[in-house]
Amino acid sequence: MRRAPFGAWACAAVLALSLGPPLSALGQGVAAQAGDQALQSIERGRALLANRTETGCVLCHAVPGFAAGGQLGPPLAGVGQRYSAEQLRRRIADARVFNPQTIMPAYLSTEGLQAVALAYQGRTVLTAQGLDDIVAYLMAQAK
Ligand code: HEC
């Protein structure tokens with residue numbers, strides 16, 4: 001294999017440096033990074049809740065932090081106080097566990113579904129990370 005001319009390597013190195021985190025960020029403590037991650041999770045959760053075509057949560061629920069919300073499901077204000085994060089996770093993952101007749105979609109299950117849209121066949125609506133992010137948002141509203 002022909003080696004790339006030195007110029008190309010130098011460019012790649014400069015690019016890698018400029019794309020990397022700023023030097024000041026490298027000094028941040030672990031706690032600050034954990035805080036950042038929690039904030040990012042809450043932000044992603046908010047975006048997922050707001051997504052009317054992908055999750056549709058706000059079509060059925062009034063969600064704290066959103067102006068308009070649906071009324072097919074109970075308002076989600078205060079759910080972070082009434083439930084633990086794990087309980088919330090289970091309700092959103094598959095609400096049928098608590099009420100087999102529920103109209104709420106199962107967001108982390110592919111079991112026993114009917115008339116599944118082609119795009120969702122064989123996959124869950126949310127990823128485990130997405131579910132965690134939504135739970136992080138709802139828990140953060142309780143504080
Ligand atoms: C088609 C309407 C519908 C959609 C869409 C929907 N839900 Fe629900 N949800 C319900 C209904 C109805 C209930 C009441 C529980 C039942 O049916 O047994 C419920 C219950 C809940 C509960 C428990 C609330 C409580 O006070 O007990 C949570 C939390 C929740 N939903 C979150 C979500 C999230 C997050 C999304 C989006 C990822 C979502 N829901 C999407 C209809 C919906």
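Note that this is a predicted model, so its numbers are computed, not measured. Counting convention: from 1, in listed order, for ligands and their atoms alike.
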Discussion item. Going by side chain to side chain contact (heavy atoms under 4.5 Å, CB included), Y137 matches just one of L76, I42, D132. Which one?
Written reply: I42

Response to the item:
Contacts of R44 meeting salt bridge (charged side-chain N to carboxylate O under 4.0 Å, His left out) (sequence neighbours excluded), chain-then-number -> D133

Practice prompt. Return the minimal non-hydrogen interatomic distance between R52 and L59, and the atom names on each side.
Written response: NH1-CD2, 3.2 Å

Item to complete: Starting from the C-alpha separation in whole Å, work towards a yes-or-no answer on side-chain contact (heavy atoms from CB on, under 4.5 Å) for Q129 and L48.
Response: CA-CA 11 Å; Q129 177 69 60; L48 282 169; over 6 Å; no

Note every protein N or O atom lying under 3.5 Å from an N or O atom of ligand 1, pairing the names and giving the distance.
residue: ligand 1; atom: 7 (N); partner: H61; partner atom: NE2; Å: 2.8
residue: ligand 1; atom: 9 (N); partner: H61; partner atom: NE2; Å: 2.8
residue: ligand 1; atom: 17 (O); partner: T102; partner atom: OG1; Å: 2.6
residue: ligand 1; atom: 18 (O); partner: N99; partner atom: ND2; Å: 3.0
residue: ligand 1; atom: 26 (O); partner: R82; partner atom: NH1; Å: 2.7
residue: ligand 1; atom: 27 (O); partner: Y83; partner atom: OH; Å: 2.5
residue: ligand 1; atom: 31 (N); partner: H61; partner atom: NE2; Å: 2.8
residue: ligand 1; atom: 40 (N); partner: H61; partner atom: NE2; Å: 2.8

Worksheet item: Is there a donor-acceptor pair under 3.5 Å between the side chain of Y107 and the backbone N or O of L131?
Response: no

Fill in: Test log, rule side-chain contact (heavy atoms from CB on, under 4.5 Å), inputs L108 and I92
CA-CA 8 Å; L108 204 67; I92 300 167; over 6 Å; no

